[in-house]
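Here the structure is laid out as C-alpha cells; the discussion comes afterwards.
Heavy-atom basis, side chains included; hydrogens, waters and symmetry copies ignored. Counting from 1, the numbers follow the sequence of the chain as shown. Both ligands and their constituent atoms are indexed starting at 1 by order of listing. Keep in mind it's a predicted model, so treat the numbers as computed, not measured.
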Amino acid sequence: MCGIIGYCGPRPAAALLAEGLKRLEHKGYDSAGLATADGGTLTVVKRKGKIAGLLEILPPDLGGSYGIAHTRWATHGEVSDINAHPHVNCAGDIAVVHNGIIENFTALKEKLQSEGHVFRSETDTEVIPHLISSFYEGDLEGAVKKTLPLLTGTYGLVCVHAREPDRLVGARNGSPMLLGVGDDEMFIASDLTAIVTHTKQVVYLEDGEVVVATPRGYHTTDMRNRVVDKKVEFVGWELEAIEKEGFSHFMEKEIFEQPQSILRAMQGRIDHENSTARLGGLNMTNRELLDVERVKIIAAGTSYHAGLLASYLMEMVARVPCSAELASELRYRNPIVERDALYFAVSQSGETVDTLYAMRELQRKGARVLGICNAVGSTIPRESDGGVYIHSGPEIAIASTKAFTSQMTVFYLFTLLVARMRNMSIEGGKEFIENLGRLPDLVQTVFGQKEHIRRLAKKYCRYKDFLFLGRGLNYPVALEGALKLKEVSYVHAEGYSAAELKHGPIALINDETPCVFLVPDDALRGKVVSNMKEVKARSGRVIAVCVEGDQEVMDVADDVIPIPKVGELMYPFMMVVPLQLFAYHTALELGRDVDQPRNLTKSVTVE
Ligand code: G6P
C-alpha cells in the first residue's frame with residue numbers, strides 16, 4: 001500500500017530517504033513526506049502529489065543523520081499536504097509514518113482531544129504520535145510499547161524522537177516491515193526495494209514485534225518486552241532488478257523480461273529423468289499429493305486470473321477438480337473446508353490482505369494452504385503451509401505482467417507433477433516438458449510484433465469501450481487482457497468467454513466497440529471464429545490474436561496479431577503477451593502514467 005523507509009547512520013538522512021522514496025513510489029503516489037532530526041529539532045517536509053514534487057521543495061541543506069519517510073496511498077482523509085505522512089504530536093518532537101488502518105482512531109482521537117491534544121490532519125495515523133507523546137518519559141521505545149496495545153487495526157510503522165538521536169523504533173502488525181542491516185547504519189522499511197541498493201542483509205519483522213535500531217545495532221522484542229531473536233537473511237537481488245535498464249517504463253521492461261522470468265520459474269524444477277516436476281517447497285509427500293481430491297485457488301486481480309487459468313489446466317491435464325475464487329469473496333462466505341482439498345493462495349506481493357485473510361480463515365478451519373508468491377519473505381509464504389516462489393524478481397510496474405506468466409508457469413509445473421502421478425504417461429510428461437521448455441524462445445518471437453501492436457494501439461486508442469473474448473484456457477487470458485487495458489490506459493474493457501457474447505454483450509456491438517478475439521487453433525477455434533463473424537455482421541470491429549497463416553481469421557478480422565503455432569496448452573502464454581503490449585502502447589498513446597496509473601497501488605494491504 002503505502003511505502004515507508006527510515007534511516008539512521010553516518011550519511012545525510014534526507015538524501016537517502018529521498019532515494020528510498022523514489023524506489024517506493026509504486027507503493028503509493030498521491031502524496032509523500034519525510035522528517036529528519038538535527039540538533040534536537042525535527043523538520044517535516046510533505047507534499048501532495050508525486051515524489052518529484054516533494055523533492056522540489058526539500059531544502060538542499062536539510063540536515064540530520066536519522067529520519068523517516070513515507071509515500072502515501074490515501075485511505076483516511078483526502079489527498080492533501082496536511083494528510084501526508086509523517087505525522088507529529090503537538091510539540092512536534094515525535095514523528096510517525098504508518099501503513100495500514102487504525103480502526104479505533106475516532107475514539108482515540110476524541111479522548112486525546114479531550115485531554116488537550118490538537119489534531120491537524122484527518123488521518124487515522126495522527127493518533128499514534130499523540131498517544132506516544134502522552135506516554136513519553138524520555139524513552140521512545142517504552143512509549144511506543146505502551147501505545148501499540150491501544151491500537152486496533154493494522155500497522156507497519158516507524159517513529160523517531162527529536163531528542164533521541166539516531167534511534168528508529170519500528171513495529172509491525174499486519175503490514176510488512178523489515179530491518180536492513182548495513183555497515184554502521186540501519187534502515188527500517190516496508191519493502192526491500194527501498195533499501196536493497198544499500199544492504200542485502202535483512203531481518204523480517206513478524207506481527208507483534210518491535211524493533212529498535214541505531215547505527216551500532218538493533219534489538220527486537222515482542223509487545224510484552226520479551227526479546228525475540230531474529231535471523232538475518234541475505235537477499236539475492238542484483239541492482240539491475242530494480243532499475244529500468246534502458247527501457248522507458250518498468251512495465252515495458254517487465255513485459256520484455258518474460259522469456260527470462262518464465263525460465264527462472266522453471267529452473268531446477270524439472271525432473272527430466274522421470275518426466276515430472278520437482279517442487280520441494282510444497283512440503284508434501286507423493287502419498288499426500290495422491291490423496292488430494294480437489295484443488296482450490298484463491299487470489300485477487302491478476303493473480304486470480306492465473307488461478308482461473310490453472311483451474312482449467314488442472315482439470316484438463318491432471319483430471320483433478322479445480323476451482324478458483326476471489327479471496328475477498330471466499331473469506332466472508334464461511335467457506336466449507338473439505339478434508340481432501342488442497343488450497344493455493346496466489347499473490348505476487350504476498351501481502352494482499354484479501355488473500356492473506358482468506359488464507360488465515362481457511363487455515364483456521366483446518367485447510368492446508370500453499371502459497372504461490374513472488375516477494376520472498378512476505379507474509380503469505382511465511383504463514384502458508386508450503387508453496388512455490390515464482391522467482392520473477394521484483395515487479396515494480398503497478399500492472400502485473402511477468403508475475404502473471406510466472407504464476408502460470410508454476411501452475412503448469414504443479415499440474416505436470418499431479419498429472420504424472422495420475423493419468424499422464426512418461427511420454428506425455430516428456431512432451432509437456434518439451435513444450436514448456438520452448439516457451440521462453442516462443443515468447444521472445446512475439447516481441448517481433450511490438451511495432452505492429454504499437455500501430456494498432458495508435459489506431460484504436462480513441463475507442464472508449466473494448467471487449468476481450470476467449471474460450472477455455474484463453475478465457476482467463478481475455479479477462480487479463482481487459483484488466484491490463486483498464487489499469488494502464490483507463491479505457492473501459494470487459495473480458496468475456498466468447499460463448500457468452502450472445503448472452504448479453506452482443507447488444508454493445510457497433511462500430512464503436514472493438515472486440516479483441518483470442519483465436520488459437522484448438523478444439524474451440526471454429527466456434528470462436530463464428531463469434532467473430534457475428535460481431536462483423538453487426539458492424540463491429542475485430543482485432544484477432546491468431547496463429548500466423550490462419551487465412552480464415554485474417555479474412556474476417558479488421559486487424560490481426562499473428563503468433564506462432566504452439567501446443568494447445570501453451571497458447572495462454574502466447575496470447576497474453578500481445579495483450580500486455582497492446583495495453584502498454586494504448587496507455588502511452590493516451591499519455592497515461594504507465595507505471596503509476598491513477599488510484600492503483602502495487603499491493604493492497606487494506607480491505
Ligand atoms: C493490486 C495490484 C494488481 C494485483 C492485485 C493482487 O490490485 O494493482 O496488479 O494483481 O493487487 O496482488 P497480488 O500481490 O496479491 O498478486
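- Ion pair K50/D593 flagged as a salt bridge, since at least one NZ, NE, NH1 or NH2 atom sits closer than 4.0 Å to an Asp/Glu carboxylate oxygen.
- Under the rule for a side-chain contact (heavy atoms from CB on, under 4.5 Å), the partners of S378 that lie at least two apart in sequence or sit in another chain are E351, A375, P381.
- Relative to the six-membered ring of Y490, R598 meets both conditions, a distance below 6.0 Å and an angle of at most 45° to the axis.
- Taking all atoms of both residues into account, the shortest heavy-atom contact from S121 to N83 is CB-OD1, 3.2 Å.
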Under 3.5 Å: N or O atoms of ligand 1 paired with protein N or O:
unit_1   : atom_1 : unit_2 : atom_2 : d
ligand 1 : 8 (O)  : T601   : O      : 2.9
ligand 1 : 9 (O)  : I398   : O      : 3.3
ligand 1 : 10 (O) : T302   : N      : 3.0
ligand 1 : 12 (O) : T352   : OG1    : 3.3
ligand 1 : 14 (O) : S347   : OG     : 3.3
ligand 1 : 14 (O) : Q348   : N      : 3.4
ligand 1 : 14 (O) : S349   : N      : 2.7
ligand 1 : 14 (O) : S349   : OG     : 2.6
ligand 1 : 14 (O) : T352   : OG1    : 3.4
ligand 1 : 15 (O) : S347   : OG     : 2.6
ligand 1 : 15 (O) : T352   : OG1    : 2.5
ligand 1 : 16 (O) : S303   : OG     : 2.5
ligand 1 : 16 (O) : Q348   : N      : 2.7

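- Ionic pairing of R368 and E288 is present here: one or more N-O contacts between side-chain nitrogen and carboxylate oxygen are shorter than 4.0 angstrom.
- A salt bridge links R172 with D207; the closest basic N to acidic carboxylate O contact falls under 4.0 Å.
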